[in-house]
Amino acid sequence: MDPVIKQEHGNVYIKLSYLKRFAAVKQMAIALYFDIKYTSAQTLEELELEPVFEEHFGSDCCFDYNCKNYKSTDIKSYSIIHGKKILFGVNIEECGYWPYDKEKEYEEYIIGVDEDGAEIKYNSDPDKLSNYFGANPEAPHYLTPVYFSKDVLTKYYSKPELYEVNDGHIRCQGLWLLNIDNLSKDYVSVYLGDLGRDIPNKEQVYWKSFNIVPDGILSETKFKRDFLAQFADPEVADLRFKQLLICLKISGLKNLIGNYSWNYQRKIDITSSI
């Protein structure tokens, strides 16, 4: 997921498509005001320039441009442009939000192999899958495990400012949450119906690129949690350590130091030698 808004070197950047969709939903136009000035320690004659004053008036933009000499100790000339630009939203039918959101697309995933070794694929649309209430009895079950290479998680680990990978799920900044089984060292599994229900099509396409033929089973922890309704600790060391760390923050520190915060994790200095 690419950021919609980012701030760099004192500037704020916003993706135009999201801005115009926002304007459409608000049924308002957005006014962009600008006032840009440049100064020089040389005169216009020394810069081989001519004095200029221009005005421009358009249907959605107006500005004036002025360039001339200036009597000052440090500044000998300057140019300035200021005005405003009006940004109109897209048609409300194209905003992409309810009730004008586009029909969601669903990807197919490998869910098994037939007697000849050919891959069996099925669509992840949750409304087309069977369940425990009798829907679509001829279709694969909503809880059919789909398997992926462990590399699928690299994208999410590499962008902690956007994603959070925890024991049993991935979270994207409040936009979506996908339940996963990440307790195997060789693969990650997700229920077919969850892939269609919980993540946008762009993420579905990404996961599809790591889809592998089923070569494993649900972890014991995943089975206990989902089918036996039992509490179960993670089986792998890194997730187990993270769980214990969270428990320590929540309970242990409160007992030790009350309401004060104690940072007992030292930041790693990558410039220091090991």
Side-chain angles (χ1 to χ4, degrees), residues 1-107 154-165 170-178 197-207 209:
M1 175 184 174
D2 297 325
V4 176
I5 302 175
K6 64 179 180 180
Q7 183 175 355
E8 291 181 353
H9 311 298
N11 298 315
V12 177
Y13 301 89
I14 305 175
K15 283 196 172 182
L16 183 60
S17 61
Y18 285 88
L19 192 62
K20 293 177 76 70
R21 288 163 58 193
F22 171 79
V25 172
K26 297 293 289 185
Q27 290 290 280
M28 300 174 67
I30 297 175
L32 174 64
Y33 293 86
F34 51 91
D35 189 341
I36 306 168
K37 186 175 183 179
Y38 179 80
T39 61
S40 174
Q42 295 177 287
T43 65
L44 294 181
E45 292 74 20
E46 292 172 330
L47 296 170
E48 299 181 354
L49 297 173
E50 296 288 336
V52 176
F53 179 76
E54 297 179 357
E55 291 182 307
H56 173 81
F57 298 94
S59 60
D60 61 354
C61 180
C62 64
F63 66 89
D64 59 65
Y65 172 65
N66 191 6
C67 177
K68 66 180 186 179
N69 286 322
Y70 186 76
K71 294 181 180 180
S72 172
T73 304
D74 300 322
I75 301 174
K76 300 301 181 181
S77 62
Y78 73 91
S79 63
I80 184 170
I81 179 172
H82 60 82
K84 62 182 176 181
K85 165 75 174 177
I86 304 298
L87 298 175
F88 296 99
V90 298
N91 293 330
I92 185 64
E93 293 80 6
E94 301 174 9
C95 71
Y97 299 107
W98 185 88
Y100 304 105
D101 47 341
K102 297 180 181 178
E103 185 175 350
K104 186 175 181 179
E105 298 179 4
Y106 300 92
E107 297 301 313
T154 301
K155 164 184 171 180
Y156 305 110
Y157 278 121
S158 64
K159 295 183 178 180
E161 71 279 6
L162 292 177
Y163 306 103
E164 182 181 341
V165 182
I170 300 173
R171 188 190 306 274
C172 175
Q173 292 286 43
L175 297 177
W176 53 261
L177 183 147
L178 179 65
R197 184 193 66 179
D198 295 336
I199 56 176
N201 182 258
K202 184 177 180 180
E203 290 297 322
Q204 291 182 32
V205 173
Y206 171 76
W207 278 78
S209 66

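Since the structure is predicted, the reported quantities are computational estimates derived from the model, not experimental observations. In this chain, residues are counted from 1 in sequence order.
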Mind running side chain to side chain contact (heavy atoms under 4.5 Å, CB included) on Tyr163 and Arg171 for me, showing each step along the way? CA-CA 6 Å; Tyr163 306 103; Arg171 188 190 306 274; over 6 Å; no

Please report the interatomic distance [atom1]([X]) to [atom2]([Y]), rounded to the nearest 0.5 Å.
X: Phe22; Y: Ser17; atom1: CZ; atom2: OG; answer: 14.0 Å
X: Arg21; Y: Lys15; atom1: CZ; atom2: NZ; answer: 10.5 Å
X: Leu16; Y: Ile30; atom1: CG; atom2: CD1; answer: 9.0 Å
X: Asn11; Y: Tyr13; atom1: CG; atom2: OH; answer: 4.0 Å
X: Ile75; Y: Thr39; atom1: CD1; atom2: OG1; answer: 4.5 Å
X: Gln27; Y: Cys95; atom1: CD; atom2: SG; answer: 9.0 Å

Near [X] [atom1], under 6.0 Å, is it more than 12 heavy atoms from other residues, nucleotides or ligands?
X: Lys104; atom1: NZ; answer: yes
X: Glu45; atom1: CD; answer: yes
X: Tyr156; atom1: OH; answer: yes
X: Glu93; atom1: CD; answer: yes
X: Phe53; atom1: CZ; answer: yes

Kindly say whether [Y] contributes a backbone atom to a donor-acceptor pair with the side chain of [X] at under 3.5 angstrom?
X: Glu46; Y: Thr43; answer: yes
X: Asn69; Y: Leu44; answer: yes
X: Lys159; Y: Lys155; answer: no
X: Gln42; Y: Ser77; answer: no
X: Gln204; Y: Glu107; answer: yes

Between Leu47 and Ser40, does a side chain to side chain contact (heavy atoms under 4.5 Å, CB included) hold up when you go through it step by step? CA-CA 9 Å; Leu47 296 170; Ser40 174; 3.7 Å; yes

Do the non-hydrogen side-chain atoms of [X] and [Y] ever get within less than 4.5 Å of each other?
X: Val12; Y: Ile5; value: yes
X: Lys84; Y: Cys62; value: yes
X: Tyr78; Y: Cys67; value: no
X: Leu87; Y: Leu19; value: yes

Testing the basics here: between Trp176 and Asp198, what is the closest heavy-atom pair and its distance to 0.1 Å? CB-O, 3.3 Å

Between Ala29 and Ile86, what is the shortest heavy-atom contact and its length? CB-CG2, 3.8 Å

Answer yes when Glu50 and Lys68 have at least one side-chain N-carboxylate O distance shorter than 4.0 Å, and no when they do not.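 Between Lys68 and Glu50 there is no salt bridge, as every charged N stays at least 4.0 Å from the carboxylate O atoms.
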
Identify, with sequence neighbours excluded, every residue that meets salt bridge (Lys or Arg N to Asp or Glu O under 4.0 Å) alongside Glu8.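 Glu8 satisfies salt bridge (Lys or Arg N to Asp or Glu O under 4.0 Å) with Lys6 once adjacent residues are dropped.
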
Report the residues that fulfil salt bridge (Lys or Arg N to Asp or Glu O under 4.0 Å) with Lys20, sequence neighbours left out, ordered by chain and then residue number.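 Lys20 satisfies salt bridge (Lys or Arg N to Asp or Glu O under 4.0 Å) with no other residue.
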
Under a 3.5 Å cutoff, is there a donor and acceptor pairing between the side chains of His56 and Asp64? no

With no hydrogens and no angle check, do the side chains of Glu54 and Asn66 hold a donor and an acceptor under 3.5 Å apart? no

By side-chain contact (heavy atoms from CB on, under 4.5 Å) - contacts of Ile81 (at least two apart):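 Ile81 satisfies side-chain contact (heavy atoms from CB on, under 4.5 Å) with Phe34, Ile36, Phe63, Tyr65 only.
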
Please step through side chain to side chain contact (heavy atoms under 4.5 Å, CB included) for the pair Lys85 and Asp60, ending with a clear verdict. CA-CA 6 Å; Lys85 165 75 174 177; Asp60 61 354; 2.9 Å; yes

